[in-house]
Amino acid sequence: MPQPHAFLWNSIIKGCLNNNDPQEALFMYYKMVVAQAWPNEFTFPTLFKACAVVGAVEKGEQLHAHVMKLGLVGDGHVRSSAIRMYAKCGRVKEARQVLDESREADVVCWNAMIDGYLKCGDVEAATALFEAKEEKNVGSWNAMISGYARCGKIELAEKLFREMPQRDEISWSAIIDGYIKQGCFKEALIVFHEMQNSGARLRKSVLSSVLAACANVGALDEGKWIHAYISRNSIQLDAILGTSLLDMYAKCGRLDMAWEVFENMKQKRVFSWNAMIGGLAMHGRAKDAIELFLKMQRDENLKPDGITFVGVLSACAHAGLVEQGLQYFNSMKQKYGVEPAVEHYGCIVNLLGRAGLFAEAQELIKSMPMTPNAAVWGALLGACRTHGNVELGGKLGKLLLELEPQNSGRYALLSHIYANAGRWDDVANVRTLMKDRNIKTASGRSVINLNGVTHEFVMGDGSHPHMKQINVMLEEVIEKLRLVGYVPNTTQVLFDIDEEEKETRLCRHSEKIAIAFGLLNTSPGTTIQIVKNLRVCEDCHDATKLISRMYDREIIVRDRVRYHHFRNGSCSCKDFCYVHRKVWQHYLKTNCIWGSNLKEREGSEGSRAGKLKEAGGEQLVLGVTIEPGQTFSTDSGVTITISEVEAASTPLEIQEGSDSTSLEPFFEKDNGDLNVTQ
DNA sequence: ATCTCCAATT
């Protein structure tokens, strides 16, 4: 058009923003000025919004100057959007100046300012403003509720939510999402039910929030209900809602459904691919994750971002693909122009650590351009536990207990390392430190959903109404397992108590109780699904493998980091988390002894690694010898060399087993339901 | 005919 009017410019600017291209929107304004069209009060709100999205304060300031020159400072829309722009860029002072610029300011401007204070963490200023202003609308309350929740003041948010004169959809959304952001998923779901009863319409935004809550607690039934609600009401699956949905399915163990949603999504954005890649990674399907990562570039011409690489690298870490992981890590910057951030380094440290490559991991940490955070050191500490590296573990533990004195998980990990090495004095020291600092250990909790009801079991807590029955069942299960040679693996018990007592404690682990409960209350052959807050201990992992075969059940356990699919005696994680064990299993398998069936009677002190050392060169029962220098390769590709064998001391007694555990990779032959390459 | 505050995903 020869002379487009302001209206048309405004429309095209808005169009750019709606298509997720704020930079282009701002560039359009430049063209508009060059074309000598006069911007009006409709032009600036959109532009300020664009600046707020990309954090372009300087451009925002220039626009602000134009607003003043054009005499548009008095317009409410212009001012509120300018306030938001400044506040979102962290410039509260300037935001406040805009508010005070003229005597009269409408409610929307005040709300923007309240929200601005809260976004910058200034709870006092926001509260003062909220209380000083007599004229309030729903938006004022909503801004306070979401802001309080964001700043961790969830009780205050709840109080306002209960007291406010009237609520709209945003009020419900704000409180529900507030709970979720604070990790209170149960409360979020309760309020969501209340919202449904109130007759409020369920919009996309609240549905995505609730799906996130479902994903976190593993509430598959609730998530399915929302999926059905979406279909029933013909709600369009946009990129955000679709991503929330597929993420929920992936995190609730239903990769098949996640994939179906993903494939049928009309609009996919980078974060949708990220969610699917991350889901595959979590389930240990590294090959599929990598295939999808290539597909997004090949078919959609999408550029992977930092989060995509978190997915790809963690997929490699879960599957032990050391070389590929390193290769993708190196290509990030070179090929994709994505600067590795601290979390990417964390992934690689995890990857190297699990493979036992301590020198390489430490070398990498040294080369980091940023200060390594607790997560990076934590990844290395985890590796020390897996490989029984007490020396480094002790040093790192000390560092981490200073860096994150409130993180109970670190104390637990360090105790494990010491306990495995039989250093009970050090275990006691860690315990004392926890006591002094008033740190509570997180108890193991497992959740199982039956017919829409959530049952939670906490370690050592017998408060479930059917506890007696469950205990009987659990004893029966353990007895059956013992008949095929199961022996409790007490190496991860953190107390220096006698073996029998250790075994009793293992039987109180929440996942065992939840599985027994599941066996009692579901029909034969159905899948049992459990969500656990911590990692699964080695003994529970072994026991569950056996249960899956003995009872012919598929058992899916989600732990704090990943999924375990147990079927017919093996697990989809290929025992990667338990390298020690793996060495033994592999070793024993090659020598015709069943791995889960070993029992050490002599030299009960020390870890399996320690025993491996002790046993070096000695004749074992059944006539097998471990030679120093001998290497073992695990199924997950880790090579372990018995080069550190120090002394030949106590011989180990190993009972012969009646059967053999299948060590076949779980998914490689069972890959039909998810054909990424097609 | 257009524009503002408060709510969503990896």
Side-chain angles (χ1 to χ4, degrees), chain A residues 5-15 17-18 39-49 52 72 75-85 87-88 95 98-99 105-116 118-119 130 136-150 164 167-178 180-181 202-213 215 237-248 250-251 258 262 265 267-279 281-282 304-311:
Chain A
H5 287 292
F7 168 71
L8 280 165
W9 283 108
N10 296 347
S11 302
I12 197 77
I13 289 170
K14 178 79 185 180
L17 192 62
N18 285 346
N40 58 21
E41 70 273 27
F42 290 103
T43 318
F44 292 100
T46 316
L47 292 169
F48 281 133
K49 198 172 195 172
L72 298 172
D75 184 86
H77 291 261
V78 175
R79 287 174 65 199
S80 56
S81 53
I83 291 171
R84 185 176 113 106
M85 182 276 297
K88 208 151 180 216
V98 179
L99 181 78
D106 61 18
V107 210
V108 177
C109 288
W110 281 76
N111 293 350
M113 195 60 233
I114 289 172
D115 179 60
L118 287 165
K119 283 225 166 81
F130 177 74
K136 295 180 182 101
N137 64 6
V138 208
S140 323
W141 297 86
N142 292 346
M144 289 301 290
I145 291 168
S146 60
Y148 271 155
R150 208 177 320 134
M164 68 195 294
R167 297 171 189 154
D168 64 5
E169 290 159 5
I170 295 178
S171 321
W172 289 101
S173 240
I175 189 72
I176 290 172
D177 197 56
I180 292 168
K181 291 278 144 67
L202 305 180
R203 300 254 184 201
K204 286 178 188 175
S205 55
V206 80
L207 293 175
S208 345
S209 298
V210 175
L211 283 169
L237 265 191
D238 63 17
I240 295 180
L241 190 57
T243 304
S244 316
L245 190 61
L246 86 83
D247 184 54
M248 181 280 295
K251 289 200 174 128
F262 179 74
M265 275 168 69
Q267 306 171 29
K268 291 193 194 91
R269 288 176 55 192
V270 179
F271 53 75
S272 319
W273 292 80
N274 292 352
M276 194 66 229
I277 291 170
M282 186 184 283
D305 63 12
I307 297 175
T308 320
F309 280 102
V310 171

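Order of the sequence lines sets the chain letters (A, B, ...), proteins ahead of strands, with each chain counted from 1.
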Dot-bracket encoding of pairs in DNA chain B, which uses [ ] for pseudoknotted crossings and | for another strand, Watson-Crick or G-U under 3.5 angstrom: ..........

Pair A:Arg150 + A:Asp115: basic N to acidic O under 4.0 Å: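 A salt bridge links A:Arg150 with A:Asp115.
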
A:Asn10 and A:Asn40: CA distance, side-chain angles, deciding distance, side chain to side chain donor-acceptor pair (under 3.5 Å) verdict: CA-CA 9 Å; A:Asn10 296 347; A:Asn40 58 21; 3.1 Å; yes

Heavy-atom donor-acceptor pair, A:Asp177 side chain to A:Ile180 backbone, under 3.5 Å: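 Pair absent, no side-chain N/O of A:Asp177 close to backbone of A:Ile180.
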
Check: A:Arg84 side chain, A:Gly116 main-chain N or O, donor-acceptor pair, under 3.5 Å: no

Can you tell which of [options] lies closest to the side chain of [X]?
X        : options              : result
A:Arg84  : B:dT9, B:dC3, B:dC5  : B:dC5
A:Asp75  : B:dA7, B:dC3, B:dT9  : B:dC3
A:Lys251 : B:dC5, B:dT10, B:dT9 : B:dT10
A:Asp177 : B:dA7, B:dT10, B:dC6 : B:dA7
A:Ser146 : B:dA7, B:dT9, B:dC5  : B:dA7
A:Ala143 : B:dC5, B:dC6, B:dT9  : B:dC6
A:Ser208 : B:dA8, B:dA7, B:dT4  : B:dA8
A:Ala212 : B:dT10, B:dT2, B:dT4 : B:dT10

Describe the nucleic acid contact of [X] in one word from base, sugar-phosphate, nothing, applying a heavy-atom distance below 4.0 Å.
X        : result
A:Asp115 : sugar-phosphate
A:Gly278 : nothing
A:Ser209 : sugar-phosphate
A:Arg150 : sugar-phosphate

A:Phe271 CZ - B:dT9 P separation (whole Å):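 These atoms are roughly 10 Å apart.
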
Looking at [X], does any N or O in its side chain come under 4.0 Å of the phosphate oxygens OP1/OP2 on [N]?
X        : N     : answer
A:Arg79  : B:dC3 : no
A:Lys119 : B:dC6 : yes
A:Lys14  : B:dT4 : yes
A:Thr46  : B:dC3 : no
A:Lys49  : B:dT4 : yes
A:Lys181 : B:dT9 : yes

A:Ala275 to A:Thr243 - nearest heavy-atom pair and separation: CB-CG2, 3.7 Å

Over all atoms of both residues, closest heavy-atom pair of A:Ala149 and A:Gly178: CB-CA, 3.4 Å

pi-stack flag for A:Phe42 and B:dT2, centroid dist under 5.5 Å, interplanar under 30°: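 Taking the rule of under 5.5 Å and under 30°, the ring of A:Phe42 does stack on B:dT2.
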
hbond_proxy A:Ser244 side chain to B:dT9 base (donor-acceptor, 3.5 Å cutoff): no

Under-3.5 Å donor-acceptor pair between A:Ser205 side chain and B:dA8 base: no

A:Phe130 and A:Trp110 aromatic centres sub-6.0 Å: no

Heavy atoms from other residues, nucleotides or ligands near CD1 of A:Ile12 exceed 12 (cutoff 6.0 Å):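 Open.
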
